[in-house]
Protein chains: 2
Amino acid sequence: MSPVPVSDDPVREVRERLLDAAEKVFYARGIQAVGMDRLRTASGVPLKRIYQLYSCKDDVVCAFLRRRHDRMMGAIAGYVARAEGPEQRVFALFDWLYDWFGEPDFRGCAWMNAFGELGPTNAAVAAEVHRHKDAFRELLTGTVRDAGYPAVVADAVYLLVEGAVVAAQLRRDAEPAHEARRGAEILLRAARG
Amino acid sequence: MSPVPVSDDPVREVRERLLDAAEKVFYARGIQAVGMDRLRTASGVPLKRIYQLYSCKDDVVCAFLRRRHDRMMGAIAGYVARAEGPEQRVFALFDWLYDWFGEPDFRGCAWMNAFGELGPTNAAVAAEVHRHKDAFRELLTGTVRDAGYPAVVADAVYLLVEGAVVAAQLRRDAEPAHEARRGAEILLRAARG
DNA sequence: TAGTCTAGAAAACGATCGTTCTCGACGTCA
DNA sequence: TGACGTCGAGAACGATCGTTTTCTAGACTA
């Protein structure tokens, strides 16, 4: 039908379906706890097709982390962009955090989970984690600095956010987002004098 | 020689040797990445003996986490006890943090690493993690509250510490302990009015 | 000394992992 | 219609896992 030999649309569709399933199941249960056969069951993509798209399991893991990174950074940027005024843009970070923590399948930071599990033994995954975390930190501290606050406040706000992610994962509760926001409010007020 | 049939001293010695090796190798490389055979090699304790002391690998994991918990809580309490004055007791938390981050084999929070890896699939490990994290959080926030600061400050200090652990693990650097301390200084000063 | 028990090294076991291969069904074009 | 190519389902493969068993050497007791 189409003059192009093989349209890459169906390829893209299968790839998306695979990465959707990979993200869901790897994030929910951990990476080593999920075998390729479960990935096949969850995605409906045959094993042979999976290995045509990615050369090995590690590549699937890295691909799912990369796509999650793009989506998460976009989501945060959206929250920040919708806020009005520099101070509100900082608080928008905590709005995003609260909404994220409230998602029913929230289970902490996918990159830290992967790093704790595979960091020492898997260089490709470790590199993906560092890539994400550098950008994440820069986005957060940049938002605070762009609002006119000093670096010491930006660094502390970043640590509050990372701490809140850990606390929310442990308690299965969105409240740490509020605790972190209240801490940030004190920091900003003190910096404003 | 001894009238007691079997002294439990050698048993205790073997157990300590096993848990020393388990802690070193599980913490350094992750739990699922370390097989029982590597544990045997690292500890010098025969496989048969390991399974006489613990019924399965999960039990070894829980035992190493419990012993690490006791040591860590004792170490923090020591830093706090040696400080003079309520404010210095809060700052002692960050002294401990800095020294911990500086240890050559530092690789983040052993419990969060285990939780990310095994939390969804291993109830015994998950329970051990919650036990530790509840006590850890109570020790930190209690230290801040006992120094006369309100709960909102105590919660924020706790989040700063958790965030610093994550940041130090990622950057392989003790500097996040200082960033967290500077954030705490601002919080305490603001709370003092 | 003969018999009994213990302990360690290493093989063995069944399960599961990531990855590859086989094989039959189906669509397409001459 | 028939040859060819592609595809998915699932078996198969070698490696490795947690766990159990075997085998042998040595210590102790009567």
Side-chain angles (χ1 to χ4, degrees), chain A residues 1-19 21-22 25-26 28-65 114 117-118 120-125, chain B residues 1-19 21-22 25-26 28-65 114 117-118 120-125:
Chain A
M1 191 67 83
S2 63
V4 189
V6 172
S7 165
D8 69 332
D9 249 356
V11 171
R12 180 178 297 261
E13 189 271 339
V14 169
R15 201 186 289 262
E16 292 293 305
R17 194 148 48 91
L18 173 63
L19 292 184
V25 72
F26 283 145
R29 303 174 46 89
I31 293 168
Q32 301 192 88
V34 171
M36 293 300 285
D37 203 66
R38 182 183 283 265
L39 200 55
R40 180 190 63 80
T41 307
S43 65
V45 178
L47 233 34
K48 201 158 108 180
R49 205 104 148 75
I50 295 178
Y51 280 97
Q52 283 169 354
L53 295 169
Y54 299 99
S55 72
C56 61
K57 184 184 184 183
D58 284 355
D59 283 3
V60 181
V61 172
C62 288
F64 118 69
L65 289 175
E117 190 176 354
L118 301 175
T121 55
N122 191 317
V125 168
Chain B
M1 192 67 81
S2 62
V4 189
V6 172
S7 164
D8 68 330
D9 249 358
V11 170
R12 181 178 296 261
E13 189 271 339
V14 169
R15 201 186 288 262
E16 292 294 305
R17 194 149 47 93
L18 174 63
L19 293 185
V25 71
F26 282 146
R29 303 175 45 89
I31 293 169
Q32 302 192 89
V34 170
M36 293 299 284
D37 203 65
R38 182 183 283 264
L39 199 55
R40 178 190 63 79
T41 307
S43 64
V45 178
L47 233 34
K48 200 158 112 181
R49 203 104 147 77
I50 296 178
Y51 280 98
Q52 283 169 353
L53 294 169
Y54 300 98
S55 72
C56 60
K57 184 184 183 182
D58 284 355
D59 283 2
V60 181
V61 172
C62 288
F64 118 68
L65 289 175
E117 190 177 353
L118 301 174
T121 56
N122 191 317
V125 167

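Throughout, protein chains are lettered first and strands after them, A, B, ... in sequence-line order, and every chain is numbered starting at 1.
- The NZ-P distance, from A:Lys57 to C:dC17, rounds to 8 Å in whole Å.
- A salt bridge is defined here as a Lys NZ or Arg NE, NH1 or NH2 lying under 4.0 Å from an Asp or Glu carboxylate O, and B:Glu16 with B:Arg12 fails to meet this definition.
- Among all heavy-atom pairs drawn from A:Ala114 and A:Val125, the shortest one is CB-CG1, 4.1 Å.
- For A:Arg40 and D:dC7, the CZ to P distance is 18 Å, given to the nearest whole Å.
- The two atoms that bring A:Val34 and A:Lys57 nearest to each other are O-NZ, 2.8 Å, heavy atoms only.
- We find that CG of B:Leu118 is positioned 11 Å from P of D:dG18, with the value rounded to whole Å.
- Whole-Å rounding puts the B:Gln32 CD to D:dC17 C1' distance at 11 Å.
- Within the nucleic acid shown, B:Val60 has no heavy atom closer than 4.0 Å to any nucleic acid atom.
- In this structure, the side chains of B:Leu19 and B:Tyr54 come closer than 4.5 Å at one or more pairs of heavy atoms.
- Rounded to whole Å, the distance from CG on B:Leu39 to C1' on D:dT19 is 14 Å.
- In this structure, the CZ atom of A:Arg38 is 11 Å from the P atom of C:dG18, given to the nearest Å.
- Contact check of residues 47-56 of chain B against DNA chain D (heavy atom, cut-off under 4.0 Å) returns B:Leu47, B:Lys48, B:Tyr51, B:Cys56.
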